[in-house]
Amino acid sequence: MVETLEKERINIYHKRNTCFVGIDMHKDTHCAVVIDCWMNKLGEINFENRPSRFSAFVEDVRKICGTKEIVFGLEDTRGFGRNLAAYLVGRKFEVKHVNPAYTSAVRLANPIIYKDDSYDAYCVARVLRDMVDTLQDAKHEDIFWTIRQIVKRRDLIVKSNVMNKNQLHSQLAYSYPSYRKFFAIIDSKSALCFWENYPSPEYIWNTTPEEIYHTIKPVHQALKIQRIHEIISMIERDGDTRKDYQPERDFIVRNIVKDIRHNKELIAEIDGELRKLIPLTGYKLHTMPGIDLVTEAQIISEIGDINRFPDSDKLARFMGLAPVQFSSAGKGKDQRCRNGNRALNAIFHFLAIQMVAVSASGKPRHPVFREYFEQKVKEGKNKPQALVCVARRLVRIIYGMMKTRTEYRPYEKTDDKN
């Protein structure tokens with residue numbers, strides 16, 4: 001009891017001698033508000049988001065705070081505020097990452113809701129003052145930030161290619177009504193070669209099956225001349241599909257094909273960069289069945305340094321996978337969490353689906369996880385709930401692999417109560 005009181009006294013003394021600097025981050029300029037432990041506003045500083053201006057900003061903060069200690073709270077340490085966070089951490093300041101959800105709660109708690117840069121920075125400072133002991137430290141981690149940027153770039157290109165394929169579907173439906181039966185995948189190498197050389201049936205009628213075969217053969221070694229005849233037969237059954245301005249329509253198809261092929265080359269280059277970067281983190285998630293290069297990169301980009309989380313339960317809460325208690329007057333129950341890192345939540349959800357999947361022959365992809373899934377169903381959980389249990393187990397395993405930086409080792413069946 002005495003020790004607890006002494007710690008509280010020291011904590012109160014420390015807060016009384018500390019200034020809390022909340023910073024609202026933007027692309028071009030930042031707004032900082034300085035408050036004391038009684039939440040009095042001591043000053044406000046607006047400065048440009050340029051490293052050359054950071055030293056002047058720190059001097060302005062020192063003038064406001066005097067001899068008191070300084071703690072900085074940044075709402076965005078991965079985006080616009082990353083350069084400032086790296087600058088402050090590099091100069092041994094205490095810098096905390098403030099979750100935007102906390103500042104939003106402070107703003108909404110006011111009877112009259114304000115929304116401007118100054119008040120946003122004040123809300124960040126309020127959260128910093130109230131939660132300084134529990135907020136995460138802002139760390140300067142170039143490798144995790146870089147992986148995150150590469151993954152975001154890859155996702156953008158993949159989405160662009162999805163749009164391209166949808167456009168290609170739309171264009172081919174006019175010229176080749178049976179085009180879906182030509183190739184298994186519309187953007188495979190053989191399919192792209194066909195669409196580029198023969199964007200409409202007119203090109204088919206101006207050549208021979210043998211010439212078509214020799215055109216596609218270099219990119220599809222298993223191609224048979226019989227398949228070319230089958231495609232030509234389907235085109236004949238479709239009838240006359242000629243339309244006005246057909247050359248312009250053919251141009252569109254060829255242009256889309258070029259864009260798809262170019263995007264695939266970019267994705268291959270990005271995957272090459274990820275193969276070089278990921279080993280530098282020390283993580284070996286790819287050794288676990290079901291986790292490929294892309295999934296590993298996505299997990300690392302969202303989690304970053306695993307030491308941010310003291311245990312797997314904290315990681316599960318971070319991604320919104322742990323249940324939340326809703327109760328009043330002693331009555332209530334655990335409910336599914338709708339908050340947290342939804343991107344990371346989705347990654348583990350789809351990974352859990354892969355782990356419990358069964359092949360067409362009836363063989364489980366991962367027998368241990370499939371058995372665990374069926375066990376939870378027998379215990380009375382429905383399939384979505386059982387899938388959450390699988391995802392939760394994956395969190396524990398992946399957390400352990402990242403914490404110890406070890407490869408995946410199959411584990412023996414245990415009595416796991418989840």
Side-chain angles (χ1 to χ4, degrees), residues 27 148-274 292-295 297-298 342-343 346-347 350 360:
K27 181 178 180 180
R148 182 177 177 83
Q149 300 307 305
I150 293 177
V151 169
K152 289 169 66 175
R153 172 62 181 161
R154 190 185 193 279
D155 290 342
L156 184 64
I157 297 174
V158 169
K159 291 178 181 178
S160 175
N161 244 11
V162 170
M163 296 175 61
N164 283 329
K165 285 192 286 186
N166 289 337
Q167 291 179 349
L168 186 58
H169 276 291
S170 177
Q171 294 298 321
L172 293 177
Y174 296 117
S175 300
Y176 295 110
S178 302
Y179 75 96
R180 292 179 180 273
K181 301 177 183 178
F182 294 2
F183 303 94
I185 304 175
I186 192 175
D187 63 338
S188 64
K189 289 183 178 180
S190 53
L192 292 178
C193 181
F194 186 90
W195 312 133
E196 185 176 32
N197 288 279
Y198 312 102
S200 63
E202 183 178 353
Y203 293 86
I204 299 294
W205 310 138
N206 292 333
T207 187
T208 64
E210 288 73 19
E211 290 181 359
I212 299 174
Y213 171 76
H214 289 299
T215 300
I216 303 177
K217 182 67 174 179
V219 297
H220 188 185
Q221 295 298 323
L223 182 67
K224 304 296 183 183
I225 188 66
Q226 180 184 356
R227 184 56 186 165
I228 300 299
H229 286 290
E230 292 173 355
I231 292 175
I232 293 176
S233 297
M234 286 186 279
I235 296 173
E236 290 175 345
R237 290 195 295 269
D238 286 340
D240 187 4
T241 59
R242 287 177 297 179
K243 294 180 176 63
D244 293 337
Y245 303 101
Q246 190 61 49
E248 288 75 15
R249 296 175 183 272
D250 296 340
F251 164 78
I252 295 174
V253 171
R254 284 174 166 160
N255 191 265
I256 295 173
V257 169
K258 289 180 181 179
D259 204 10
I260 292 176
R261 189 176 286 124
H262 177 63
N263 282 346
K264 286 192 171 189
E265 292 174 357
L266 292 178
I267 292 173
E269 290 179 4
I270 289 174
D271 290 347
E273 291 298 317
L274 290 175
D292 57 9
L293 172 72
V294 177
T295 304
Q298 290 174 337
R342 306 315 297 171
I347 293 170
F350 288 113

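Since the structure is predicted, the reported quantities are computational estimates derived from the model, not experimental observations. The chain is numbered in sequence order, starting from 1.
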Trainee: Answer yes or no: is there a side-chain heavy-atom contact under 4.5 Å between Tyr174 and Gln246?
Mentor: no
Trainee: Quick one: does Ile231's side chain get under 4.5 Å of Met234's, heavy atoms only?
Mentor: yes
Trainee: Taking only residues two or more places apart in sequence or in another chain, which ones pass salt bridge (Lys or Arg N to Asp or Glu O under 4.0 Å) with Arg261?
Mentor: Glu196
Trainee: Nearest 0.5 Å, what's the NE2-OG distance between His262 and Ser160?
Mentor: 9.5 Å
Trainee: Heavy-atom count around Glu236 CD within 6.0 Å, excluding the residue itself: above 12?
Mentor: yes
Trainee: What pairs meet the salt bridge (Lys or Arg N to Asp or Glu O under 4.0 Å) rule with one or both residues in residues 216-226, with sequence neighbours excluded?
Mentor: none
Trainee: Of all residues at least two apart in sequence or in a different chain, which pass the side chain to side chain contact (heavy atoms under 4.5 Å, CB included) check with Asp292?
Mentor: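 Counting only residues at least two positions away or on another chain, Asp292 forms a side chain to side chain contact (heavy atoms under 4.5 Å, CB included) with Val294, Thr295.
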Trainee: Could you tell me which residues satisfy side chain to side chain contact (heavy atoms under 4.5 Å, CB included) with Ala343, sequence neighbours excluded, listed by chain and number?
Mentor: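 Per chain and number, Ala343 pairs via side chain to side chain contact (heavy atoms under 4.5 Å, CB included) with Glu302, Asn341.
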Trainee: Got a sec, which residues hit side chain to side chain contact (heavy atoms under 4.5 Å, CB included) with Met163, two or more places apart in sequence or on another chain?
Mentor: none
Trainee: Which residues satisfy the ring-ring contact (aromatic ring centres under 6.0 Å, His included) test with His169, sequence neighbours excluded?
Mentor: Tyr179
Trainee: For residues 229-259, which residue pairs qualify under ring pair (Phe, Tyr, Trp, His ring centres under 6.0 Å), counting only residues two or more places apart or in two chains?
Mentor: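 Those involving residues 229-259 do not exist here.
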Trainee: Would you say that more than 12 heavy atoms from the other residues, nucleotides or ligands in this model lie under 6.0 Å from the NZ of Lys243, or not?
Mentor: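 Yes, NZ of Lys243 has more than 12 neighbouring heavy atoms, counting only those of other groups under 6.0 Å.
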Trainee: Only pairs under 3.5 Å count here: list side-chain donor-acceptor contacts from residues 209-216, not counting sequence neighbours, and write none if there are none.
Mentor:
from: Glu211; atom 1: OE1; to: Thr207; atom 2: OG1; distance (Å): 2.4
from: Thr215; atom 1: OG1; to: Tyr198; atom 2: OH; distance (Å): 3.3
from: Thr215; atom 1: OG1; to: Glu211; atom 2: O; distance (Å): 2.7

Trainee: What donor-acceptor contacts under 3.5 angstrom involve side-chain atoms of residues 184-191, with partners at least two apart or in another chain?
Mentor:
from: Ser188; atom 1: OG; to: Ile185; atom 2: O; distance (Å): 3.2
from: Ser188; atom 1: OG; to: Ser190; atom 2: OG; distance (Å): 3.4
from: Ser188; atom 1: OG; to: Ala191; atom 2: N; distance (Å): 3.3

Trainee: For the atom pair CD1 (Ile157) and CG (Leu266), what is the distance rounded to the nearest 0.5 Å?
Mentor: 4.5 Å
Trainee: So do Ser200 and Thr241 actually touch side chain to side chain, heavy atoms under 4.5 Å?
Mentor: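 Counting from C-beta outward, Thr241 and Ser200 never come under 4.5 Å.
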Trainee: List in chain and number order the residues that pass salt bridge (Lys or Arg N to Asp or Glu O under 4.0 Å) with Asp240, two or more places apart in sequence or in another chain; answer none if no residue qualifies.
Mentor: Arg242
Trainee: What pair of heavy atoms forms the shortest contact from Leu172 to Trp195, and how long is it?
Mentor: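 In terms of heavy atoms, the two residues are closest at CD1-CE2, 3.6 Å.
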Trainee: Hey, are the side chains of Ile260 and Ile256 touching, using non-hydrogen atoms and a 4.5 Å cut-off?
Mentor: yes
Trainee: Partners of Asn166 by side chain to side chain contact (heavy atoms under 4.5 Å, CB included), sequence neighbours excluded?
Mentor: Val162
Trainee: Do any pairs count as a salt bridge (Lys or Arg N to Asp or Glu O under 4.0 Å) and have a residue in residues 246-260, sequence neighbours left out, and if so which ones?
Mentor: none
Trainee: To the closest 0.5 Å, what do you measure between CD (Gln298) and CZ (Arg154)?
Mentor: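 It comes to 7.5 Å.
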Trainee: Would you give the length of the straight line joining atom CD1 of Ile228 to atom CD1 of Ile204, rounded to the nearest 0.5 angstrom?
Mentor: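 Taking CD1 in Ile228 and CD1 in Ile204, the distance rounds to 8.0 Å.
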Trainee: For the atom pair CD1 (Ile235) and CZ (Phe182), what is the distance rounded to the nearest 0.5 Å?
Mentor: 4.0 Å
Trainee: What's the separation between atom CD1 in Ile150 and atom CG in Asp155, rounded to the nearest 0.5 Å?
Mentor: 12.0 Å
Trainee: Where do Val158 and Ile267 come nearest, in terms of heavy atoms and distance?
Mentor: CG2-CD1, 3.9 Å
